[in-house]
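Just so it is clear, the model here is predicted, and its values are computed rather than measured.
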Amino acid sequence: MDCDVIKLLPDSVANQIAAGEVIQRPASVIKELVENSIDAGATSVQIIIKDAGRTLIQVVDNGCGLSPTDARMAFERHATSKITTAADLYTLHTMGFRGEALPSIAAVAQIEMRTMRRGDAIGTVLCISESKFESQEPCSTVPGTNLMVKNLFFHMPARRKFLKKDSVELSHILHEFERLALVNTNVEFTIIHNDVVLHQLLPGTLKQRITALFGKTIGTQIVPMGTETSIVKISGFVGLPEHARRRNAPQYFFVNGRNMRHPYFHKAVLSCYSELISAEVQPVYFINFEVDPDTIDVNIHPQKHEIKFENEQPIWQILTAAVRQALGRVNAAGAIDFDSEVSPIDLPAFNPDINATMPDIAIDDDYNPFKETNDSHVDNPRSSMVTTPSAIGRRASSSVPQDWDKLYESFERRRSEPTISPDEAEPMVEVRSAITSAPEQPSIISTDDSAPAGSLLLHNRFILVPAREGLMAIDRRRAHIRVLFDQYMQSLSEHPLAAQQLMFPEQLQLSPSQSAILSTVADALQQLGFDLSFLGDNVWALHAAPTLPGNVNPCETLQQILSDIADTGTVNPAAVIKPAALALARASAISSTQSLSPDQVDSLIASLFSATEAAYTPDGLRTFVIIPFEEIEKRF
């Protein structure tokens, strides 16, 4: 029996293992190559891609370039010029430092690199395929580096098959491009996809870069914020609460010129908006941290998105104070709501030379607040304000009704009258028939004879029902929305929405990723009723839209569809029907002020548990909760 079973893996296999962590999709390649260009001192970076990076990813920069020996060594594992000792990990000022990016890319693609240093008369060209060096020879080129990555995952069919559609991969590329462009505002960036220039960004300030990437309108939706302490310097922009977005809100953190994702600081920002926006929307922010490199650790994940901070809790408090201060400057917090007409800015300045004059006030010498008056005859208008103990007693006896039962004459009558219209109550079925037909009902509603029968309405909103596991509390409006939504979805699916021409075309300012997706699926959206035309600069005109309820915005519906396409890669007709059905259900559902008869309550419960998703509304809100008996017993 051979005892020597442990063997050293070949470099090609080791590189493919490392590539699985570093290179996940074409966007990962662009991130690594552009970061190398930035570390090389480039002031201009051009990105050329074909077929969303499957066929070609080319990054051209005007950086320092490489010598022929360095060009060969750059593709060896753990070969880097950015650190030399372990202590350098805590004083990093570069994007990369691991020495894994280039060998990982070379393990999953074909590479051709042309590079030359400034001052050299001739450069070098290098060809690599599947971690194998094919050739290296002198060539004529310009100073800098031109690196082409061809046929990504060409020899790994499984990895290539798991790539999403071109529209989805392009969306990831543009999102990564936004991160790189926002953190390097002093660098000129150009990105070209299939010979179409998607972005051409000139050096400028952070706000100029934000408006260039996300449209000019976002410039009026954000306010500057910042503070500087001995621990951290924070700067950037936060969005106004009224411009919070339901989906795809731009949210970016930077630290020392590096992108990062930090859930802890994200919660800190959300806490500042907790009383300003609803839970369904997200604020916009672009926040940059500058800290001592000794106090952070970036060597956590190969992609370097996660960063550990030594002073997380103090930075949390500084961050929340800075965000609240920025929102307070524009009275977003609403804590002190001054009228603009009496703003402190408009108050006259103090002048010591002006003599103060006594205000002219008329005084009634005959007024006596302690003088008793007759309630039936009041000569002085001010005497009506006088209230003696006897007068109070007389007013109380005359104004308060003695027959208390009259106050509740109409209460029982209104309580028993049904207030749901027949059209709203029509889809509800009887509870007993639903119990026998719906398989879910016996497992939820108690059938124990000892259990109390019927239901109880609490705070005119919740329906309390005894259940087998405990006490069930149902939000009756959400339950009604769930029931009506299923009915409208079925009805609209059988009768598709007709397209309606808009009287005035509406303009949509989209992000670059959304605009790129829309250009590829415009024909499919037209079959759903959306007639669109491209105006340039990521602006589209909407000429026609499906016939939607009055409170549904077709532009918001279209942006939601584009977000779904970015996530799934498919144009789903249900993406148009769902917002329409949800809007109709919300408009038709009962309000919190409407009362229900016992029969209507039973019908609503039966219809709810006949639905496919009884526990949640279409927008993810719970329709009911069950309080276990054990929890109730603990209370006693």
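- Between Phe309 and Phe265, the two ring planes are perpendicular [angle over 60°; tilted spans 30° to 60°].
- Two residues are said to be in side-chain contact when any heavy atoms from C-beta on lie closer than 4.5 Å; Thr141 and Asn146 fail this criterion.
- The shortest distance between side-chain heavy atoms of Ile296 and Val255 falls below 4.5 Å.
- For the ring-ring contact (aromatic ring centres under 6.0 Å, His included) test, no residue two or more places apart in sequence or in another chain qualifies with Phe153.
- Closest of all the heavy-atom pairs between Ala322 and Thr227 is CB-CG2, 3.9 Å.
- When the shell of 6.0 Å around CE of Met148 is examined, it contains more than 12 heavy atoms from other residues, nucleotides or ligands.
- Residues Leu213 and Ala181 approach most closely at CD1-CB, 4.1 Å, considering heavy atoms.
- Interatomic distance, Ile192 CD1 to Ile48 CD1, rounded to the nearest 0.5 Å: 5.0 Å.
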> Can Phe286 and Phe214 be said to form a ring pair (Phe, Tyr, Trp, His ring centres under 6.0 Å), step by step?
Replying inline: CA-CA 12 Å; Phe286 307 86; Phe214 301 100; 5.7 Å; yes
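- A 4.5 Å side-chain heavy-atom check between Thr320 and Ser271 finds at least one atom pair inside the cut-off.
- By the 4.5 Å heavy-atom criterion applied to side chains, Arg258 and Ile307 are counted as neighbours.
- Side-chain atoms of Asp51 do not come within 3.5 Å of backbone N or O of Gly53 as any donor-acceptor pair.
- The shortest non-hydrogen separation linking His243 to Val284 is O-CG2, 4.4 Å.
- Residues Ile234 and Leu319 form a side-chain contact, since some pair of their non-hydrogen atoms from C-beta on lies under 4.5 Å apart.
- Using modelled atom types and a 3.5 Å distance limit, the side chains of Glu506 and His543 yield no donor-acceptor pair.
- Aromatic ring orientation, Phe177 versus Phe189: perpendicular (interplanar angle above 60°, classes split at 30° and 60°).
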>> Could you go through Val187 and Ile38, starting from their C-alpha distance and side-chain angles, then the distance that decides it, and tell me whether this counts as side-chain contact (heavy atoms from CB on, under 4.5 Å)?
In response: CA-CA 8 Å; Val187 179; Ile38 300 300; 3.8 Å; yes
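- Among all heavy-atom pairs drawn from Leu535 and Ala541, the shortest one is CD1-CB, 3.9 Å.
- Here the NZ-OG1 distance, from Lys207 to Thr211, works out to 8.0 Å after rounding to the nearest 0.5 Å.
- In this model, a donor atom of one side chain and an acceptor atom of the other lie less than 3.5 Å apart for Ser67 and Asp70.
- Salt-bridge check for Glu169 with Lys165: failed, with every basic side-chain N at 4.0 Å or more from each acidic carboxylate O.
- Considering only heavy atoms from C-beta on, Phe289 stays 4.5 Å or farther from Asn256 through its side chain.
- In this structure, Glu188 CD and Gln46 CD are separated by 9.0 Å, a value rounded to the nearest 0.5 Å.
- At least one side-chain heavy atom of Ile57 sits under 4.5 Å from a side-chain heavy atom of Ile30.
- The two atoms that bring Ala326 and Met225 nearest to each other are CB-CB, 3.4 Å, heavy atoms only.
- A cation-pi contact links Arg72 to Phe133, judged by a cut-off of 6.0 Å to the six-membered ring centre and 45° from its axis.
- Residue Arg261 holds its CZ atom at 9.0 Å from CG of Asn259, rounded to the nearest 0.5 Å.
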>> Please determine whether side-chain contact (heavy atoms from CB on, under 4.5 Å) holds for the pair Ile191 and Ile173, giving the CA-CA distance in whole Å, both sets of side-chain angles, and the decisive distance to 0.1 Å.
In response: CA-CA 10 Å; Ile191 183 169; Ile173 290 174; 4.1 Å; yes
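- Side-chain polar atoms of Trp540 and Ser515 form a donor-acceptor pair below 3.5 angstrom.
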Quiz: residues 113-120 side-chain donor-acceptor pairs under 3.5 angstrom, not counting sequence neighbours:
from: Arg114; atom 1: NE; to: Glu112; atom 2: OE2; distance (Å): 3.3
from: Arg114; atom 1: NH2; to: Glu112; atom 2: OE2; distance (Å): 3.3
from: Thr115; atom 1: OG1; to: Leu66; atom 2: N; distance (Å): 2.9
from: Thr115; atom 1: OG1; to: Gly144; atom 2: O; distance (Å): 3.2
from: Thr115; atom 1: OG1; to: Thr145; atom 2: OG1; distance (Å): 3.2
from: Arg117; atom 1: NE; to: Asp120; atom 2: OD2; distance (Å): 3.0
from: Arg117; atom 1: NH2; to: Asp120; atom 2: OD2; distance (Å): 3.4
from: Arg118; atom 1: NH1; to: Gly63; atom 2: O; distance (Å): 3.3
from: Arg118; atom 1: NH2; to: Asn62; atom 2: O; distance (Å): 2.3

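- Not one N or O on the side chain of Thr295 forms a donor-acceptor pair closer than 3.5 Å with the backbone of Val291.
- Here the side chain of Ser129 pairs no donor or acceptor atom with the backbone of Lys132 at under 3.5 angstrom.
- Across all their heavy atoms, Ile287 and Phe237 have their closest contact at CG1-O, 4.3 Å.
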> Passes ring pair (Phe, Tyr, Trp, His ring centres under 6.0 Å), Tyr285 versus Tyr252? Steps please.
Replying inline: CA-CA 6 Å; Tyr285 59 79; Tyr252 294 93; 8.3 Å; no
> Going through the checks in order, is the side-chain contact (heavy atoms from CB on, under 4.5 Å) test met by Leu201 and Arg209?
Replying inline: CA-CA 7 Å; Leu201 308 177; Arg209 187 59 57 90; 3.6 Å; yes
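- With a 4.5 Å cut-off on side-chain heavy atoms, Asp61 and Ser44 do not count as touching.
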> Given the rule in the side-chain contact (heavy atoms from CB on, under 4.5 Å) test, do Glu290 and Phe254 qualify, once you have shown the distances and angles that lead to the verdict?
Replying inline: CA-CA 8 Å; Glu290 295 182 27; Phe254 319 114; over 6 Å; no
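- Atom CG of Asn194 sits about 10.0 Å away from atom CG of Leu56, to the nearest 0.5 Å.
- In this structure, CG on Leu198 lies 10.5 Å from OG1 on Thr190, to the nearest 0.5 angstrom.
- With hydrogens and angles disregarded, a donor-acceptor distance shorter than 3.5 Å links the side chain of Gln208 to the backbone of Thr205.
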